[in-house]
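Accompanying notes for the structure given below.
Because only heavy atoms are used, hydrogens play no part in the values below, and waters and symmetry mates are left out as well, while side chains stay in. In what follows, chains carry the letters A, B, and so on, assigned in the order in which the sequence lines appear, proteins first and then strands, with residues in each chain numbered from 1.
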Amino acid sequence: MDKKYRYKDVDKKIYEMWEKKKYFKANPNSKKRPFCIILPPPNANANLHLGHAMYVYEDIMIRFYKLRGFESFWLPGADHAGFETWYVFEKHLKKKGKSRFDYKREELFKMVWEFVMQNKNNMEEQLKRLGFSLDWERKKFTLDEDIVQIVYKTFKKLFDDNLVYRGKKLVNYCVKCGTSFSDLEVTYKDVKGKLWFILYKLENSDKGLVVATTRPETLFGDVAVAVHPDDKRYKKFIGKKVILPFINKKIPVIADEMVDMKFGTGVVKITPAHDSNDWLVGERHNLPFVQVIDFNGKLNEHAGEFSGLHIKKARPLIVQRLEDQKLLVKVKDYEHRVGHCYKCGSVIEPLPKEQWFIKIKPLAQKAKDAILKDEIEIYPHRFKKILLDWLDKFYDWNISRQIVWGMQIPAYFCKSQKKWFVSVNKPSKCLVCGKDDFVQDTDTFDTWFSSGQWPFATLQALGKEFFNFFYPTSVMETGYDILPWWVARMIMFGIYITGSVPFKNVYLHGLVRDSKGQKMSKSKGNVVNPMDVIDKYGADALRASLVFETAQGGDVVFSDNKVRSMRNFANKIWNIGRFIYLQHTLTERDSLDKDVVNGDKHIKDLEKESSKFKKRYMQLMEKYKFGQAFDELYEFVWHRVADYYIEQLKESLRSGNIEVLERLTNIYFELLKMLHPFMPFVTEAVWMNLNKSNKSILETTL
RNA sequence: GGCCACUUAGCUCAGUUGGCUAGAGCAUUCGGUUUACAUCCGAAAGGUCGGAGGUUCAAGUCCUCCAGUGGCCACCA
């Protein structure tokens, strides 16, 4: 055995050996108890980052339960990541001086497909370098035909059950990205803006009502002004009409309780087409809605002389003209929160658009019931409440996206009857009128609509025996940041389609931060490429550094220093093995009386302490306290076993006490098994060196 | 504004249903060693357990209040 562990020479060979011997290949007909994790499918549009390396927690569980005699199954996959990928792809197009408008839909789709396949292969190789014991023969991609079929079936069922509907509502629209989003994709930011006080004159009068607004450019879409019914200042104006500046349109003064008498002037302009609160007021008062901003962010024909102007340019002009006409009464600095596109950062426009919406409430209720009945355990426990809060806050979910990349929605419009129908397979004739005068919706699904079905979709796609044996899966392990996007939706869809929760446990890991506790981001320049770390210190060191000194679900403090000390630990493990190995090869021994050096006593103490420690380790592992289990393992292996016991036993070993050596070897094997989930390569390497049977550590049990 | 979590040694964390002088690793300082060891080993130092009050024979641990940190959500023209 070498003096040190040469990971660069052996890790790859070890992984290939594991794969060749099919240790990661799950058997759905096994007599063992199942243990299944579905890998959160990484986006197939970029290389892995440290966040992906956090899936090491899944590998720890998969390997641990495998050693415990379970039939472990870790299913790999990749996500087409609809809009995320689309965004990256459009940037690439832009670099080449092209845009999406230069291609036909089919061409675009094909181009993205090729782009994604390349990245997907790359990503899979990287997951292997991390040592992840994924069952590659069972990998799935969200755009695999069988997966798409299952997702389409879900949509059809939702449609038939009246849980999805086509509706024209205000949607979150990003005019730059050219698509609508769900409520979750909008991030609110504090914006320093202005509050403009504008005079709306009464009919045949120079006097009028002053409205306060942050968005003067929407005034063309005003259909009323509202005051509070109890507001004494304005009671007499209710029912009268005021005149919109520029276009001289008469709109009524109405009374509505949503108006806050204390805010601004107590008079609100009502623009149902561009504000969600106003939309509600419009519905209550049966007002028309007038869209004045189009999907390119420009004012349309309702804006009179300003039509065709982008709203950003129009606003100052409009304010100026109001001032000219002495209709601008006052301007006040005002800080408020404005929704922005989570991806490009543009201001999100609420625009009226016909889209597909899922009625969330009935689905969310069942998810809540399941969680309250503890059908799903969540680690750390504090996220249980957060998840329940989320389920309460979900409103109808807009799943239509105006992009090409993704699953085209299997909804068709009958032109003659003006009616929508849904069909899983492309229909040859209209299911409404029987003719062929129909078109498919050009929109695609929100990515989360398909990934929300991932646990049952993958297992169903693999076949009945997989679904029956492994569903519900054992653990869903993912970052806490996608709790509402993904976890909540998987629970809802899982219950809706299969009647059962999709997983029995949820383990949420934290964020990887740098040594100063800062989030890693490109702009801060503190991003670490996991592959570089592996090159430098080995995969085991990287893996261990993401677990060591980390509380359950806590953020990981990542530093070069920590990886280095984990590399040293790997070497320590190796060298204990080397020491034992050398003792076994020792041919000449002194003939010291073993009783003189207390070998028997020390080895007995060590055995006692080891079995006590193993119990402790098991408890921690079963309670999902992986960081702590590893911390204590580190301390025990290094500072108790190596520093203390082996030092005590040295004389006895040198004297030729074979029994002590055998007993020490057995204890070391136990330690290797406990270490293996965390540091699979070095433990396997040393195991193969020491174990004469030449069998993998994966063939043993813990 | 609402909700949640956290606050124990310089750093990262343990501390089980309240019970003997509060623990570990890393970092620090000192000493030793060339050993199985990309060095390693030993020792030391380091905490009024965020603050205040309460329950109790006994509180880092339970309760109340306060402060600070972090997170999530909402939001009003």
Q) What nucleotide, of B:rC3, B:rA14, B:rA77, holds the atom closest to the side chain of A:Arg616? A) B:rA14

**Q.** Stepwise side-chain hydrogen bond (donor to acceptor under 3.5 Å, both in side chains) test for A:Asp560 and A:Tyr537
**A.** CA-CA 10 Å; A:Asp560 210 55; A:Tyr537 299 111; 2.9 Å; yes

Q. Considering Watson-Crick and G-U wobble pairs with both distances under 3.5 Å, what does B:rG23 pair with?
A. B:rC13

Q.
Can you identify which nucleotide, out of B:rC73, B:rA38, B:rC4, has its nearest atom closest to the A:Lys393 side chain?
A. B:rC73

Q: Mind calculating the distance between CH2 (A:Trp196) and P (B:rC76) to the nearest angstrom?
A: 16 Å

Q) Taking the six-membered ring for Trp, are the ring centroids of A:Phe636 and A:Tyr617 within less than 6.0 Å of each other? A) no

Q. In whole angstroms, how far is the C1' atom of B:rA77 from the NE2 atom of A:His336?
A. 10 Å

Q: Using heavy atoms and a sub-4.0 Å distance, could you list which residues of residues 634-643 of chain A are near RNA chain B? By number, please.
A: A:Tyr634, A:Glu635, A:Trp638, A:His639, A:Ala642, A:Asp643

**Q.** Distance between C1' atoms of B:rG71 and B:rC40 (Å, rounded)
**A.** 43 Å

Q.
Testing the 3.5 Å rule here: is there a donor-acceptor pair between the side chains of A:Asn398 and A:Ser182?
A. no

Q. Between atom CZ in A:Phe579 and atom P in B:rU34, what is the gap in whole Å?
A. 17 Å

Q: Report yes if a side-chain nitrogen or oxygen of A:Tyr480 is closer than 4.0 Å to either non-bridging phosphate oxygen (OP1 or OP2) of B:rC72; otherwise report no.
A: no

Q.
Rounded to whole Å, please give me the gap between CZ in A:Phe630 and P in B:rC26.
A. 13 Å

Q: Ignoring the backbone of A:Arg382, work out which of B:rA5, B:rA38, B:rA77 is nearest its side chain.
A: B:rA5

Q: Please check if the distance between the ring centroids of A:Tyr379 and A:Tyr507 is under 6.0 Å.
A: no

Q: Check every atom of B:rA38, B:rA77, B:rG15 against the side chain of A:Asp260 and return the nucleotide holding the closest atom.
A: B:rA77

Q. In whole Å, what separates the C1' atom of B:rA27 from that of B:rC11?
A. 7 Å

**Q.** Phosphate OP1/OP2 of B:rA5 contacted by A:Lys384 side-chain N/O (<4.0 Å)
**A.** no

Q: Report the distance from atom CG of A:Asp392 to atom C1' of B:rC73, rounded to the nearest whole Å.
A: 12 Å

Q.
Would you measure the distance from the P atom in B:rU64 across to the matching atom in B:rC4 and give it in whole Å?
A. 12 Å

Q. Atom CG of A:Leu391 and atom C1' of B:rC73: how far apart are they, to the nearest Å?
A. 14 Å

Q.
Could you tell me how far B:rC30 sits from B:rA45 if I compare only their C1' atoms? Round to whole Å.
A. 10 Å

Q | Integer angstrom distance from the C1' of B:rG1 to that of B:rU17 | A | 38 Å

Q | B:rA38 OP1/OP2 closer than 4.0 Å to side-chain N/O of A:Asn575 | A | yes

Q: Please find out if less than 6.0 Å separates the ring center of A:Tyr334 from that of A:Phe263.
A: yes

Q: Scan every strand shown for a Watson-Crick or G-U wobble partner of B:rG42, both distances under 3.5 Å, and answer none if you come up empty.
A: B:rC30

Q) Where does the angle between the aromatic ring planes of A:Phe306 and A:Phe246 fall among parallel (under 30°), tilted (30 to 60°) and perpendicular (over 60°)? A) perpendicular

Q: Could you please name the partner base of B:rC65, counting Watson-Crick and G-U wobble pairs only when both distances are under 3.5 Å?
A: B:rG51

Q. A:Arg564 has an atom CZ; how far is it from atom C1' of B:rA27, in whole Å?
A. 13 Å

Q) Mapping A:Glu632 and A:Asp389 onto RNA chain B by nearest heavy atom, which one lands closer to the 5' end? A) A:Asp389

**Q.** Selection residues 664-674 of chain A - residue pairs positive for side-chain hydrogen bond (donor to acceptor under 3.5 Å, both in side chains), sequence neighbours left out
**A.** A:His584-A:Thr665, A:Lys614-A:Glu670, A:Glu670-A:Lys673

Q | Any N/O donor-acceptor pair, A:Lys572 side-chain to B:rA38 base, under 3.5 Å | A | no

N/O to N/O distances under 3.5 Å, protein versus nucleotides 9-13 of chain B:
| residue | atom | partner | partner atom | Å |
| --- | --- | --- | --- | --- |
| B:rU12 | O2' | A:Glu549 | O | 2.3 |
| B:rU12 | O2 | A:Glu549 | OE2 | 3.3 |

Q: May I ask you to check whether A:Asp222 and A:Tyr200 show a side-chain donor-acceptor distance below 3.5 Å?
A: yes

Q. Do A:His285 and A:Asp256 get their side chains close enough for a donor-acceptor pair, meaning under 3.5 Å?
A. yes

Q.
Measuring only the P atom in each nucleotide, how far is B:rC6 from B:rA74? A whole number of Å is fine.
A. 23 Å

Q. Which whole-number value in Å describes the distance from A:Gln648 CD to B:rC41 C1'?
A. 12 Å

Q: Report yes or no: is the cationic atom of A:Lys361 (NZ for Lys, CZ for Arg) closer than 6.0 Å to the six-membered ring centre of A:Tyr395, at no more than 45° off its axis?
A: yes

Q.
Could you identify the nucleotide paired to B:rG70, looking across every strand shown and requiring Watson-Crick or G-U wobble geometry with both distances under 3.5 Å?
A. B:rC4

Q: Carefully, step by step, assess A:Asp446 and A:Trp397 under the rule side-chain hydrogen bond (donor to acceptor under 3.5 Å, both in side chains).
A: CA-CA 10 Å; A:Asp446 180 349; A:Trp397 173 18; 3.0 Å; yes

Q: Can you tell me, in whole Å, how much space there is between the P of B:rC20 and that of B:rC62?
A: 16 Å

**Q.** Aromatic plane relationship, A:Phe626 with A:Tyr624 - under 30° parallel, 30 to 60° tilted, over 60° perpendicular
**A.** perpendicular

Q. In whole Å, what separates the C1' atom of B:rG68 from that of B:rC26?
A. 26 Å

Q | Any-strand Watson-Crick or G-U partner of B:rG60, both distances under 3.5 Å | A | none

Q.
Taking pairing as Watson-Crick or G-U wobble with both contacts under 3.5 Å, can you name the mate of B:rA36, or confirm there isn't one?
A. none

